[in-house]
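Side chains are part of it too, since the values below use all heavy atoms of this structure and drop only hydrogens, waters and symmetry mates.
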2 protein chains.
Amino acid sequence: MNIAKFSALTGLSSHTLRYYEKIGLLANISRDASGHRRYSSKDVEWVRFINRLKDTGMPLAEIRHYAELREAGDATFDNRCHLLERHRDALKLRLQREQEHLQALDAKIAYYQSHKP
Amino acid sequence: MNIAKFSALTGLSSHTLRYYEKIGLLANISRDASGHRRYSSKDVEWVRFINRLKDTGMPLAEIRHYAELREAGDATFDNRCHLLERHRDALKLRLQREQEHLQALDAKIAYYQSHKP
DNA sequence: CTAAAGGTTAGAGCATGCTCTAAGTCAAGC
DNA sequence: GCTTGACTTAGAGCATGCTCTAACCTTTAG
């Protein structure tokens, strides 16, 4: 598929997609005869996973690191797995903190509502 | 208290504290005879609340809006309450999404572990 | 008196993550 | 052949949120 369709499927603008390729998040995107990018459904999966990592707070530099390990093949299997585990643990912690924040916000709102001037 | 102690209590650097004052998050910080800032324990509470809003993803511009409402007194009570409610609702949604992300990560990690090459 | 420690200001600089622009290429339809 | 539209590139510009610098002022201890 071309960049427009890929953009629609991944939710990233074509500008952003080219940018991600430039910084090493997407490698080996194939080209058609006239030099236009042709994305595959595997690319869709990968960019959706990138979006997941991004949405859970992983910086692009670390995602690029993961991408490089992925490119390097099976030898980096454990390495990638540990990277994901560390990220998951950080996410768990963050979720706990955010639960606390949510409770505190609820309490503040309840206070506002019971103290209307 | 002086800026160094306040910095220690709030976890923000003195640079950041002056910056927050400049952009309107902190208003009416008092000064001593030689022009140095003197922070009160109310200021500690307020900055801790700012940190909470920040940690739950509220941009500084919106926190500044909340700060301005707060400065304006009781007339903005409802307004502030609604702002917090909207933020809480957004936070709830985000927590749900992050729970899903966490599950997906766990699944990916489980896959990695069951498919070691 | 002097030096050190801690504060002040305005404003420059930086990291991240886009977002857009300019100039050009290519393929399809009239 | 020419226009239109979607693509290409390198690189500039922007928004957010700090982070640091330079030059200067006070207070305190020796």
_Sugar-phosphate, base or nothing in reach of A:K22, heavy atoms under 4.0 Å_ =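 It contacts base atoms.
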*Describe the nucleic acid contact of B:R31 in one word from base, sugar-phosphate, nothing, applying a heavy-atom distance below 4.0 Å.*
sugar-phosphate
Whole angstrom is fine here: how far is it from [atom1] in [X] over to [atom2] in [N]?
X	N	atom1	atom2	result
A:E21	D:dC7	CD	C1'	13 Å
B:N2	D:dT28	CG	P	12 Å
B:R37	D:dC25	CZ	P	17 Å
B:E62	D:dA15	CD	P	18 Å
B:I23	C:dG11	CD1	C1'	16 Å
B:R38	C:dG6	CZ	P	14 Å
B:I3	C:dG7	CD1	P	7 Å
A:M1	D:dA6	CE	C1'	17 Å

For nucleotides 21-30 of chain C, print each protein N/O atom paired with a nucleotide N/O atom at under 3.5 Å, atom names and distance only.
none

*Assess whether side-chain contact (heavy atoms from CB on, under 4.5 Å) is satisfied between B:C81 and B:D78, documenting all intermediate values.*
CA-CA 5 Å; B:C81 191; B:D78 285 1; 5.5 Å; no
Distance from [X] atom [atom1] to [Y] atom [atom2], nearest 0.5 Å?
X	Y	atom1	atom2	answer
A:T56	B:L105	OG1	CG	5.5 Å
B:F77	A:H115	CZ	NE2	8.0 Å
A:K108	B:R52	NZ	CZ	9.0 Å

*asked:* Can you tell whether the side chains of B:E45 and B:R70 come within less than 4.0 Å, N to carboxylate O?
replied: no
*Does the side-chain contact (heavy atoms from CB on, under 4.5 Å) test come out yes or no for B:R80 and B:L83, once each step is laid out?*
CA-CA 5 Å; B:R80 269 182 277 164; B:L83 192 157; 5.5 Å; no
*asked:* Test side-chain contact (heavy atoms from CB on, under 4.5 Å) on A:L9 and A:R48; report intermediate values, then the result.
replied: CA-CA 9 Å; A:L9 286 180; A:R48 285 187 176 161; 4.3 Å; yes
*B:R38 to B:I29 - nearest heavy-atom pair and separation*: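 So the minimum-distance heavy-atom pair works out to O-CG2, 4.0 Å.
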Identify all pairs in which a protein N or O lies below 3.5 Å from an N or O of nucleotides 16-18 of chain D, and state each distance.
{"from": "D:dG17", "atom 1": "OP2", "to": "B:L60", "atom 2": "N", "distance (Å)": "3.2"}
{"from": "D:dC18", "atom 1": "OP2", "to": "B:Y20", "atom 2": "OH", "distance (Å)": "2.4"}

*Taking atom types as modelled, is there a side-chain donor on A:K5 or A:N2 under 3.5 Å from an acceptor on the other?*
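Judged by distance alone, the side chains do not pair up.
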